[in-house]
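Report on the structure given below.
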Amino acid sequence: MVNSKILLGITGSIAAYKSVEIGRRLIDEGYSVQVVMTKSACNFITPLTLESVTGKPVLTDLFSDPFSHINLSKESSLLLIAPATANTINKLRCGIADDLLSNLWLTHEGPTLIAPAMNHRMYRHFSVQKSIKELQKLGVNFVGPVSGSLACGEEGEGRMADVSTIVEAAIAALTQKDLKGQHILVTAGPTLEAIDPVRFISNRSSGKMGYAIAKAALRRGAKVTLISGPTSQMPLEGVYFISVEKASEMETAVLKHLPKATAVIMAAAVADFAPAIINQSKITKNNISSITLKKTTDILKKTGKIKNKRILIGFAAETGKNIENAKAKLKEKNLDLIVLNDVTQKGAGFNVDTNIVTIIDRKGKVADYPLMKKIEVANVILDGLLEVRKRGNL
Ligand code: CTP
């Protein structure tokens, strides 16, 4: 991973306990995390806790190593301060360097991300507001704070942003914005076709692949519209989200949002058939011998007919590595790329965090990929999208 080292500064706020989870999550995402704590932070959590999580000594003292305040920032791509107190934010603005963290801020040349956490009156204080504005003008990124109940028992704006929001902002700050200017429409999840008010036909799709694509595209600077069937995936901040249930609703949503899209990636497992009649009342068991089905519209195929210059990427969920089937689907649906996944392979397909894919382009070029995390697969697909764009959308 490029830009993989993060300097995590922790200052003296009760929100410091959440820094443990921030460190853990960044490591899970593949980053190396070096923690620096102020003396006040050590009143709330111990360096040992962070050492156990990151597997690296936590630095708290400016003088334990004469050059750590210079070398650490040289090695790091991002300075993330979470939580950042009013005192630290004001110090950063003035350039006061009286501990290791504030010295590092002066030697660090890469992006900085600050997650403030404090009492709401402290947050509104003119000195803090002035510091935040001036730091923002210098290009420092802020995430939060948010409103809510504070540790002191009061309510207001001052709570540190959610751990997920901070982790996502840190990753976004480190990700090259090579999709800036693109608006990507992504579909995800299963669709659900009602039989009666109680029962439905659906499939095993978890939505994980589509959500990973939306997340990766957002990190890379694209605008993202996500049209999703029912899933248990966490909502993605920054994505324009449309929730649908059945295939016909997904079709309407895709056609409505297509005009503003520069690319469409259809990762949804759309039901191929739906009950011909939806019973308005529950069908009793003595009253049913069969269900008549009708085909749903192939949304991807329909989009392929009106795509113009848009890049169109579809999936081919197969039971077996059926390259010829995938090639036929690519041609029939007028796609630029098709992502073939054999859902019978271990670690591929539905409800897992990994996938094994083969990507085929219009010229018939076949690229096989090994077992990867879905977020990595998402990035490979987006690399493919950029490649098609560079070639002039052939
Ligand atoms: N798709 C779609 N509308 C449908 C069915 C599928 O837009 N009614 C899209 C899927 O989102 C996927 C692609 O078509 O990107 C291929 O889906 P898949 O289920 O693999 O193939 P089908 O074309 O449905 O053919 P079959 O199920 O017979 O293999």
Side-chain angles (χ1 to χ4, degrees), residues 184-194 200-214 217 225-231 233 242-258 261 263-276 293-307 310-345 348-351 355-362 366 374 377-378 380-382 384-385 388:
I184 306 182
L185 195 162
V186 182
T187 66
T191 62
L192 194 149
E193 313 297 332
F200 57 83
I201 295 174
S202 190
N203 58 62
R204 294 182 189 279
S205 171
S206 62
K208 285 183 177 179
M209 193 63 245
Y211 277 66
I213 294 169
T225 298
L226 175 62
I227 301 171
S228 175
T231 75
Q233 298 305 306
I242 300 140
S243 166
V244 296
E245 192 169 280
K246 51 189 176 183
S248 60
E249 288 169 2
M250 187 170 276
E251 179 190 350
T252 307
V254 168
L255 297 178
K256 179 172 171 200
H257 294 279
L258 186 65
V264 180
I265 307 179
M266 288 273 311
V270 187
D272 286 323
F273 36 79
L293 301 173
K294 60 165 192 209
K295 267 194 176 175
T296 59
T297 307
D298 189 322
I299 307 167
L300 189 57
K301 190 172 172 183
K302 193 163 178 178
T303 310
K305 287 188 179 142
I306 52 170
K307 78 183 189 89
R310 289 177 196 90
I311 294 171
L312 187 56
I313 302 178
F315 274 70
E318 302 283 337
T319 46
K321 194 177 165 185
N322 296 321
I323 303 262
E324 291 317 312
N325 268 10
K327 281 185 177 171
K329 283 180 190 177
L330 177 138
K331 202 162 171 222
E332 189 202 345
K333 303 189 190 196
N334 191 23
L335 310 181
D336 295 282
L337 295 176
I338 192 151
V339 183
L340 163 65
N341 66 328
D342 172 0
V343 293
T344 60
Q345 283 197 70
F350 301 130
N351 248 317
N355 210 349
I356 305 167
V357 299
T358 298
I359 302 182
I360 306 168
D361 71 10
R362 273 175 99 91
V366 176
K374 280 189 172 161
V377 174
V380 164
I381 296 168
L382 294 170
L385 184 155
V388 174

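Given the structure is predicted, the values throughout are model-derived calculations rather than measurements. Counting starts at 1 for both ligands and their atoms, following the listed order.
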Write down the atom of I213, the atom of L382, and the distance for their closest heavy-atom approach. O-CD1, 4.1 Å
Indicate yes or no for a side-chain donor-acceptor contact from [X] to the backbone of [Y] under 3.5 Å, with no hydrogens or angles considered.
| X | Y | answer |
| --- | --- | --- |
| Q233 | S206 | yes |
| R310 | A261 | yes |
| D342 | T344 | yes |
| T358 | L340 | no |

Pairwise distance CD(Q345) to CD1(I356) - rounded to 0.5 angstrom: 4.0 Å
For T297 and ligand 1, answer yes if some heavy atom of the residue is under 4.0 Å from a ligand atom, otherwise no. yes
Answer whether the closest heavy-atom distance between the side chains of V339 and N341 falls below 4.5 Å. no
Any side-chain heavy atom of L312 sitting closer than 4.5 Å to one from N334? no
In terms of residue, atom name and distance, what is the protein heavy atom nearest to [atom]?
| atom | value |
| --- | --- |
| atom 5 (C) of ligand 1 | D272 OD1, 3.1 Å |
| atom 13 (C) of ligand 1 | F315 O, 3.0 Å |
| atom 3 (N) of ligand 1 | I299 N, 3.0 Å |
| atom 2 (C) of ligand 1 | D298 OD1, 3.4 Å |
| atom 23 (O) of ligand 1 | K333 NZ, 2.5 Å |

Any protein heavy atom lying closer than 4.0 Å to atom 8 (N) of ligand 1? yes
Is the contact between K329 and ligand 1 made by the side chain, the backbone, both, or neither, using heavy atoms and a 4.0 Å cut-off? side chain
Answer with side chain, backbone, both or neither: which part of A269 has a heavy atom less than 4.0 angstrom from an atom of ligand 1? neither
Per salt bridge (Lys or Arg N to Asp or Glu O under 4.0 Å), E251 is matched among K256, K301, K246, K302 by K302
Give the atoms of ligand 1, by number and element, whose distance to some non-hydrogen atom of L300 is under 4.0 Å. 2 (C), 7 (O), 9 (C), 13 (C), 14 (O), 15 (O)
One finds that the ligand 1 atoms under 4.0 Å from a non-hydrogen atom of A271 are 8 (N)
When you compare ligand 1 with M266, is there at least one nitrogen or oxygen pair between them that comes in under 3.5 angstrom? yes
Any nitrogen or oxygen of T296, side chain or backbone, less than 3.5 Å from one on ligand 1? yes
Which option out of A268, A316, G314, A274 puts a heavy atom nearest to atom 10 (C) of ligand 1? A268
